[in-house]
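For reference, the structure discussed in these notes is given below.
Just follow the structure's listing: the first ligand is 1, and inside any ligand the first atom is 1. Positions are given from 1 along the sequence.
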Amino acid sequence: MNGYNPFIFKDRELYCEEVPVREIAREIETPFYLYSSTTLEDHFRSFDKAFHSCPHLICFAVKANSNLAVLNLLGKMGAGADIVSGGELYRALRAGIPADRIVYSGVGKTEKEIQEAIEAGILMFNVESMEELEAISRQARRLRCRARISFRINPDVDPKTHPYISTGLKENKFGLPMSQAFRAYSTASSREELEVVGVDFHIGSQLTQVEPFVDAIKKIRPLLQDLESSGIGLKFIDVGGGLGIRYRDESPPGPDAYARALLSEVKDLPHTLILEPGRSIVGNAGILVTKLLYTKETKAKKFYIIDAAMNDLARPSLYQAYHEILPVVEADGPVYPTDIVGPVCETGDFFARERPMPCLNRGSLIAAMSAGAYGFTMSSNYNSRPRVAEVMVRGSQFAIIRRRETYADLVRGEEIW
Ligand SMILES: *Cc1c(COP(=O)(O)O)cnc(C)c1O
């Protein structure tokens with residue numbers, strides 16, 4: 001999304017910062033996710049700097065990449081966390097992110113998850129329905145605590161992104177419609193066990209323009225005014241996440257342009273801004289490194305069969321998402337349209353189709369680029385494939401930040417009956 005790119009070719013081979021990718025592959029086998037800590041720091045710092053003129057808190061969206069080492073690194077730089085489950089609360093706290101920097105989003109928080117979050121003392125719940133509000137009230141009363149809440153409002157703006165990752169249209173399941181917002185705030189503010197602190201919206205992911213964000217703020221502002229007039233003053237405006245990155249040829253705004261657009265809409269307001277970026281922090285800080293197992297040519301097609309699959313990186317199968325696919329050692333010669341597929345028994349198991357690729361031999365290393373966000377976190381054990389390792393680079397050093405799963409991990413907790 002900005003200046004620093006750690007994944008560059010030197011002497012025709014791919015490096016992550018100062019480490020040749022080939023060297024890591026030699027030591028730990030493939031496949032593995034590989035993250036650049038310097039890039040994570042650079043992306044977070046750029047985001048933070050862009051908003052320096054306004055009081056703000058950056059709550060990293062844990063679902064984009066929830067490795068403890070990633071969360072810990074961001075937490076040390078001042079990041080909070082945007083969580084969507086009890087498991088993510090557990091991870092954020094384990095990674096050392098203070099509870100008072102954690103916001104909890106999601107349409108289906110269970111009573112147990114709500115209880116855990118109140119006990120932890122999180123900054124606020126982003127409430128998505130009136131029944132959820134009742135559940136939070138009930139748990140807060142039971143625990144004799146006050147729970148801080150904001151309502152997630154569905155501003156009904158079109159984020160112009162993939163339908164699966166658009167969340168702020170009126171037909172989406174997220175948030176309360178604007179027409180119910182004022183009553184919801186009135187109800188909540190009359191409850192002693194609740195402290196109403198904010199308003200929230202998150203309109204979608206991989207947005208490549210600022211206009212939908214600006215439209216959403218414009219739609220929210222009259223509500224803020226009405227609430228103010230009725231004596232309901234808020235402390236936080238949470239604008240969600242969703243800033244896109246370059247996978248192929250997109251040109252999303254950088255953090256500066258994004259911040260300028262948002263700040264011009266709120267500069268006259270006293271609120272603290274909460275931001276929930278995920279993809280824009282981690283997406284281009286990570287890749288997936290795999291190995292070419294077999295090549296196969298038919299009359300119709302050329303295939304590269306690699307050792308990573310849709311269970312390891314789901315985005316191409318799930319959203320027809322584009323990831324750049326690069327040989328780790330540059331190859332000369334002509335390119336041919338090639339399907340890059342995994343070992344899983346599904347036709348949908350592909351990383352790329354008809355992609356121009358040079359001729360490579362068995363054993364060649366291949367990298368799927370821009371895989372730091374919604375990569376490992378969406379991975380599964382489908383086909384009883386152990387989940388892959390995660391590795392982090394810092395300068396000329398690297399460390400395994402999650403070991404590859406074993407076959408024993410696959411059956412952990414199972415009993416023959
Ligand atoms: C997924 C999500 C985010 C992060 O979105 P990105 O597109 O990764 O920035 C932020 N807030 C909420 C509520 C989310 O569900």
Practice task
Answer yes or no: does an N/O atom from Gly240 fall short of 3.5 Å to an N/O atom of ligand 1?
Solution key: no
Problem - Proximity flag Pro277 to ligand 1, non-hydrogen atoms under 4.0 Å - result: yes
Handout entry: Ligand-residue contact atoms, ligand 1 with Arg279, heavy atoms, under 4.0 Å
Key = 6 (P), 8 (O), 9 (O)
Handout entry: By salt bridge (Lys or Arg N to Asp or Glu O under 4.0 Å) - contacts of Arg385 (at least two apart)
Key = Asp312
Problem - Protein residue, atom and distance nearest to atom 2 (C) of ligand 1, heavy-atom basis - result: Lys63 NZ, 2.2 Å
Exercise for the section: Check each atom of ligand 1 against the heavy atoms of Ser105 and keep those under 4.0 Å away; list them by number with element. Expected result: 13 (C)
Practice task
Give the contacting part of Ser205 toward ligand 1: side chain, backbone, both or neither, where contact means a heavy-atom distance below 4.0 Å.
Solution key: both
Handout entry: Any Val84 heavy atom less than 4.0 Å to ligand 1
Key = no
Practice task
Compute whether any side-chain donor of one residue and acceptor of the other, for Glu405 and Asn381, lie under 3.5 angstrom apart.
Solution key: yes
Problem - Donor on one side chain, acceptor on other, Asp48 and His56, under 3.5 Å - result: yes
Handout entry: Under-4.0 Å heavy-atom contact with ligand 1, by part of His202 that carries it
Key = side chain
Problem - Sub-4.0 Å heavy-atom approach of Ala373 to ligand 1 - result: no
Handout entry: Sub-4.5 Å side-chain heavy-atom contact between Leu224 and Leu234
Key = yes
Practice task
Any side chain to side chain donor-acceptor pair (under 3.5 Å) involving residues 96-108? Give me the pairs, sequence neighbours left out, ordered by first then second residue.
Solution key: Asp82-Ser105, Tyr104-Glu113, Ser105-Asn126
Problem - Electrostatic pair Glu116:Lys112 at N-O distance under 4.0 angstrom - result: yes
Handout entry: Geometric cation-pi criterion Arg402 and Tyr33, 6.0 Å radius, 45° cone
Key = no
Problem - Derivation of the salt bridge (Lys or Arg N to Asp or Glu O under 4.0 Å) call for Glu29 and Lys291 - result: CA-CA 9 Å; Glu29 270 302 308; Lys291 195 168 66 186; 3.7 Å; yes
Exercise for the section: Below 4.0 angstrom from a heavy atom of Tyr374, which ligand 1 atoms are there? Numbered from 1 as shown, please. Expected result: 1 (C), 4 (C), 5 (O), 6 (P), 8 (O)
Practice task
Can you pull out the closest protein heavy atom to atom 12 (C) of ligand 1? Residue, atom name and distance to 0.1 Å, please.
Solution key: Asp82 OD2, 3.3 Å
Exercise for the section: Report the relative orientation of the aromatic rings in Phe213 and Tyr258; use parallel for angles under 30°, tilted for 30 to 60°, perpendicular for over 60°. Expected result: perpendicular
Practice task
Number the atoms of ligand 1 from 1 as they appear, then name those within less than 4.0 Å of a heavy atom of Glu276, with their elements.
Solution key: 3 (C), 4 (C), 9 (O), 10 (C), 11 (N), 12 (C), 13 (C)
Problem - Under 3.5 Å: N/O of Gly278 near N/O of ligand 1 - result: yes
